[in-house]
2 protein chains.
Amino acid sequence: MPVRRADVIDAAMELLDESGLDQLSTRRIADRLGVRVGAIYWHVKDKDELLAELADRVVGSCLDGVPVPDGGAEPPTAPPSAPVADPAARLTAAAHAVRDAMLAHPDGAALVAGHAVPGPNSLVLADRLCGIAREAGLPLPLAAVAGDTLLSYVTGFVLQEQRRGDPLHHHPNTSVPAPGFAPDRLPHLAAALAEGLPDDDTAFAAGIDLLVTAVTSRARPRR
Amino acid sequence: MPVRRADVIDAAMELLDESGLDQLSTRRIADRLGVRVGAIYWHVKDKDELLAELADRVVGSCLDGVPVPDGGAEPPTAPPSAPVADPAARLTAAAHAVRDAMLAHPDGAALVAGHAVPGPNSLVLADRLCGIAREAGLPLPLAAVAGDTLLSYVTGFVLQEQRRGDPLHHHPNTSVPAPGFAPDRLPHLAAALAEGLPDDDTAFAAGIDLLVTAVTSRARPRR
DNA sequence: ACCTGAACACCGTTCAAGT
DNA sequence: ACCTGAACACCGTTCAAGT
């Protein structure tokens, strides 16, 4: 039976999960499908189109964890009077969902940052974040900016988080770069290090808390 | 006269500025230096080492715009009683300096995000941000997180900003993705669009303002 | 110390031609 | 509709050998 477009995307996703973004070549995808390289160009215009599809899938996988604001078009699956978390909690939940989705795949953040041309799922995500910010009481141009700010932060955070985990850039015997740490030239970093640095999870949570507090404290009540 | 390591980095930087990150190949660098490919591997271990050097240069070019906190080791060039902006203004200035440095080169954000293994300049930048946050009154583990948060945000923001400017991902006749915008499925985005979206500069300033306010409002006065 | 020549093992992309 | 064969124009990296 013939290979279909979805098969190509699936194979690419498996390859990504197994060996990361820079092992992901059209030729490897073809191999995995038992087909010659040229064949995949019948299903897909570009490697870039392929990566954009992958990126939008990753974004899509977070949508279940991103609350739908009230103005949304989707019919509520729970009764409308179900307990609705306050906007701050919803923004926090959304941010964690986005991070988790990126962390679920090697180089997930790099993929999304590099190729999430506004795919359908990215648009839905942006819409929801903007909607939640509005429900938090932000006026319209600011609400869009707030959603964008949150997304930029999450992307930036996970990007460096995943690069730290990359064995290519990791010296295993030193928790922080050995190469001439110059301890007295970096007094604050050294002090922070002595105090004990938080792990990624708590650093992320703290950053999100900072941001969400900023967003919601900027709000004036809507009605 | 022989090529020196710095010449290789310089040539790479020129190439980056002329044609962006994915036109930057070891062979093109060699051509520009009038030398064969193999030669550049005498000066540089890896393409990655080269990119890390470029990234740290870009970061370094922002340091002049990043205030040195009082705990810093550098001797002050201005008299110590010179007017010192409040921490919020210093954080804001730092963020803008980082963004400007990235914007000064095509794919500057991608370069820094992908290859700023803690180079010396990146460490100095992190140290200063942490220091300013401390001066703003944040206790130590939190100050480090705050600096990191700011950096992640700036990186994430400029990353998407520079990708939007990339002609590869840009449909010139529509300001927002034409492909089936599904206007009623994205009510908040549509509303924001109708209201008129802010340009990159003001969106960035608004995001930074949000963040800086959050950071400084978390502070308790230090003395 | 610095470079050449030449190779190795890859890439993405295109396209006539086949079925 | 879907794929092969084969080519084109590239890559990063290594390494003996030259000077």
Side-chain angles (χ1 to χ4, degrees), chain A residues 1-56 106-107 110-111 114-117 163 166-170, chain B residues 1-56 106-107 110-111 114-117 163 166-170:
Chain A
M1 59 201 130
V3 166
R4 268 150 12 234
R5 187 177 208 269
D7 299 329
V8 175
I9 316 282
D10 286 344
M13 200 80 201
E14 293 170 24
L15 228 41
L16 171 72
D17 286 339
E18 288 166 15
S19 24
L21 200 51
D22 46 33
Q23 299 295 337
L24 181 56
S25 75
T26 52
R27 299 177 120 96
R28 306 255 275 232
I29 297 173
D31 284 357
R32 170 170 298 248
L33 293 171
V35 116
R36 307 285 179 165
V37 218
I40 89 130
Y41 285 87
W42 194 92
H43 297 281
V44 132
K45 173 175 144 291
D46 240 355
K47 194 188 183 185
D48 239 67
E49 181 181 303
L50 208 164
L51 292 177
E53 204 104 353
L54 286 188
D56 206 55
D107 302 316
L111 182 68
H115 300 276
V117 225
R163 203 154 36 67
D166 189 345
L168 282 174
H169 300 278
H170 193 247
Chain B
M1 57 200 127
V3 166
R4 268 151 8 234
R5 187 177 208 269
D7 299 327
V8 174
I9 315 280
D10 286 345
M13 200 80 199
E14 292 170 25
L15 228 39
L16 171 73
D17 286 341
E18 288 166 15
S19 23
L21 199 52
D22 46 34
Q23 299 293 338
L24 182 55
S25 75
T26 51
R27 301 177 120 96
R28 306 256 273 232
I29 297 172
D31 283 357
R32 171 169 296 248
L33 294 171
V35 115
R36 306 287 178 162
V37 217
I40 89 129
Y41 284 88
W42 194 93
H43 298 281
V44 131
K45 172 177 145 292
D46 240 356
K47 194 189 183 185
D48 239 67
E49 181 181 304
L50 208 163
L51 291 177
E53 204 105 353
L54 286 188
D56 206 55
D107 303 314
L111 182 69
H115 300 275
V117 226
R163 203 153 37 67
D166 189 344
L168 282 175
H169 301 279
H170 193 249

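Note that the structure is predicted; figures quoted are calculated from it, not measured. Throughout, protein chains are lettered first and strands after them, A, B, ... in sequence-line order, and every chain is numbered starting at 1.
To the nearest 0.5 Å, atoms CD (Q23(B)) and CG (L15(B)) are separated by 8.5 Å. To the nearest 0.5 Å, the span separating CD1 on I29(B) from CD1 on I9(B) amounts to 8.0 Å.
In this entry dT4(C) has dA16(D) as its Watson-Crick or G-U wobble partner, both defining distances falling under 3.5 Å.
Rounding to whole angstrom units, CG of residue D22(A) and P of dC11(C) are separated by 11 Å. Atoms CG (L21(A)) and P (dG12(C)) sit 11 Å apart, rounded to a whole Å. Separating the CZ atom of R36(B) from the C1' atom of dC15(D) is a distance of 16 Å, rounded to the nearest angstrom. Separating the OH atom of Y41(A) from the P atom of dG12(C) is a distance of 6 Å, rounded to the nearest angstrom. Atom pair L50(B):CG and dC11(D):P shows a separation of 14 Å (rounding to whole Å applied). Protein atom CD1 of I40(A) is 10 Å distant from nucleotide atom C1' of dT13(C), rounded to whole Å. Remark: P of dG12(C) and NE2 of H115(A) are 12 Å apart, rounded to the nearest angstrom. In this structure, Q23(B) places its CD atom 11 Å from P of dG12(D), rounding to the nearest Å.
Taking 4.0 angstrom as the limit, R28(A) places a side-chain polar atom (N or O) nearer than this to OP1 or OP2 of dC11(C). The side chain of H43(A) places an N or O atom within less than 4.0 Å of a non-bridging phosphate oxygen (OP1 or OP2) of dC3(D).
Of the candidates dC11(D), dG12(C), dT4(D), the closest approach to any side-chain atom of R27(A) belongs to dG12(C). With dC2(C), dT13(D), dG12(C) as the choices, the nucleotide that has an atom nearest any side-chain atom of W42(B) turns out to be dC2(C). Side-chain atoms of V35(A) lie closest to dT4(D) of the nucleotides dT13(C), dT4(D), dT13(D).
Taking for each of A39(B) and V3(A) the nucleotide of DNA chain D with the nearest heavy atom, the 5'-most of the two is the partner of V3(A). Sequence order on DNA chain C of the closest nucleotides to G38(B) and G38(A) puts G38(B) first from the 5' end.
Salt bridge R28(B)/E18(B): absent, no basic N to carboxylate O contact under 4.0 Å.
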Practice problem: Show the numbers, then the answer: is there a side-chain contact (heavy atoms from CB on, under 4.5 Å) between L50(A) and I40(A)? | Solution: CA-CA 10 Å; L50(A) 208 164; I40(A) 89 130; 4.2 Å; yes
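Between the C1' atoms of dA17(C) and dC2(D), the separation comes to 13 Å (whole Å).
Nearest heavy-atom pair, L51(B) versus H115(B), reported as atom, atom and distance to 0.1 Å: CD1-NE2, 3.5 Å.
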